Amino acid sequence: MISRNSEPAHARVEDEANSGLPPPRVGVDPIQPSASFKNKAYAALKDVIVSMDVYRSRSDIRLDERRLALEFGISRTPVREAMAQLERDGIVRSVPRRGIYVVRKTRREVIEMITAWAALESMAARLITQSASGEEIASLRRMFATFEGGEGRRQAR
């Protein structure tokens, strides 16, 4: 490498180190990691499963790792990793030597989830109203009045 300065590079480094000034820094932004194929496959599979009507048919819904990898245009490893994450989340179950199947919740499990969800939402509403301003409370009352009048129910259907 050709240096435009007549003194050797190591001498300049020593002079800069002895000058008491911090070394010059290159101003770059941190590199943001993009979503991995595993994360993209996980998100895509979860979205598809959540949007499915898994109760329409009594037959099990089997996920084919090879076919999914081909459709995604990626190797089987990220699909396998995504399915492992979905299994940890309770969305699918792995049956040895059979395959991976979408989990159907029982009626009791669905009722338990809805009950827990309602309890969490009511607790969240109570906590937020403790620190809400009068204007925010009035806004909530107007919104609830809409639902009590039936307008909100018709829009939700």
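Here the structure is a predicted model, which means the values were calculated and not measured.
- Inter-residue side-chain proximity for Val103 and Ile91 is flagged as unmet; no heavy-atom pair is nearer than 4.5 Å.
- Other members of the hydrophobic cluster containing Met123, listed by chain and number, are Leu127; membership follows side-chain contacts under 4.5 Å among ILVMFWY residues, whether direct or relayed.
- Between Arg93 and Glu87 there is no salt bridge, since none of the side-chain N atoms of the basic residue sits less than 4.0 Å from a carboxylate O of the acidic one.
- Put simply, the side chain of Leu68 does not reach to within 4.5 Å of the side chain of Arg76, judged on heavy atoms.
- The distance from the OG1 atom of Thr106 to the CD atom of Glu109 is 3.5 Å, given to the nearest 0.5 Å.
- Between Val110 and Ile114 there is a side-chain heavy-atom pair separated by less than 4.5 Å.
- Side-chain contact between Leu63 and Met83 is present, with heavy atoms from C-beta onward closer than 4.5 Å.
- Taking a 6.0 Å sphere around CG of Leu140, one finds it holds more than 12 heavy atoms contributed by other residues, nucleotides or ligands.
- Legend: residues meeting side chain to side chain donor-acceptor pair (under 3.5 Å) with Glu121, ordered by chain and number and at least two apart, are Trp117.
- Val48 is connected to Val54 through a chain of hydrophobic side-chain contacts under 4.5 Å among Ile, Leu, Val, Met, Phe, Trp and Tyr, so both are in one cluster.
- Residue Val102 is not grouped with residue Val50 when hydrophobic side chains (ILVMFWY) are merged at heavy-atom distances under 4.5 angstrom, including chains of intermediate members.
- To the nearest 0.5 Å, the span separating OG on Ser51 from NZ on Lys46 amounts to 12.5 Å.
- In this structure, Ser75 OG and Glu81 CD are separated by 8.0 Å, a value rounded to the nearest 0.5 Å.
- Atoms CD1 and CZ, from Ile137 and Arg142 in turn, are 11.5 Å apart once rounded to the nearest 0.5 Å.
- Cluster partners of Val95 are Tyr101, counting Ile, Leu, Val, Met, Phe, Trp and Tyr whose side-chain heavy atoms approach within less than 4.5 Å, directly or via other members.
- Between Arg58 and Arg104 the shortest heavy-atom distance is O-NH1, 3.7 Å.
- Put simply, CZ on Arg66 and CZ on Arg80 are 9.0 Å apart, with the number rounded to the nearest 0.5 Å.
- Proximity of Asp60 to Arg62: side-chain heavy atoms (C-beta onward) are nowhere separated by under 4.5 Å.
- Looking at Tyr42 and Asp47, their side chains never bring a donor and an acceptor atom within 3.5 Å of each other.
- Of the inter-residue distances, the one linking Ile74 atom CD1 with Lys38 atom NZ reads 12.0 Å to the nearest 0.5 angstrom.
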* For side chain to side chain contact (heavy atoms under 4.5 Å, CB included), just list the numbers for Lys105 and Tyr55, CA-CA rounded to whole Å, side-chain angles, deciding distance to a tenth of an Å, and then say yes or no. => CA-CA 9 Å; Lys105 302 292 182 193; Tyr55 300 99; 3.5 Å; yes

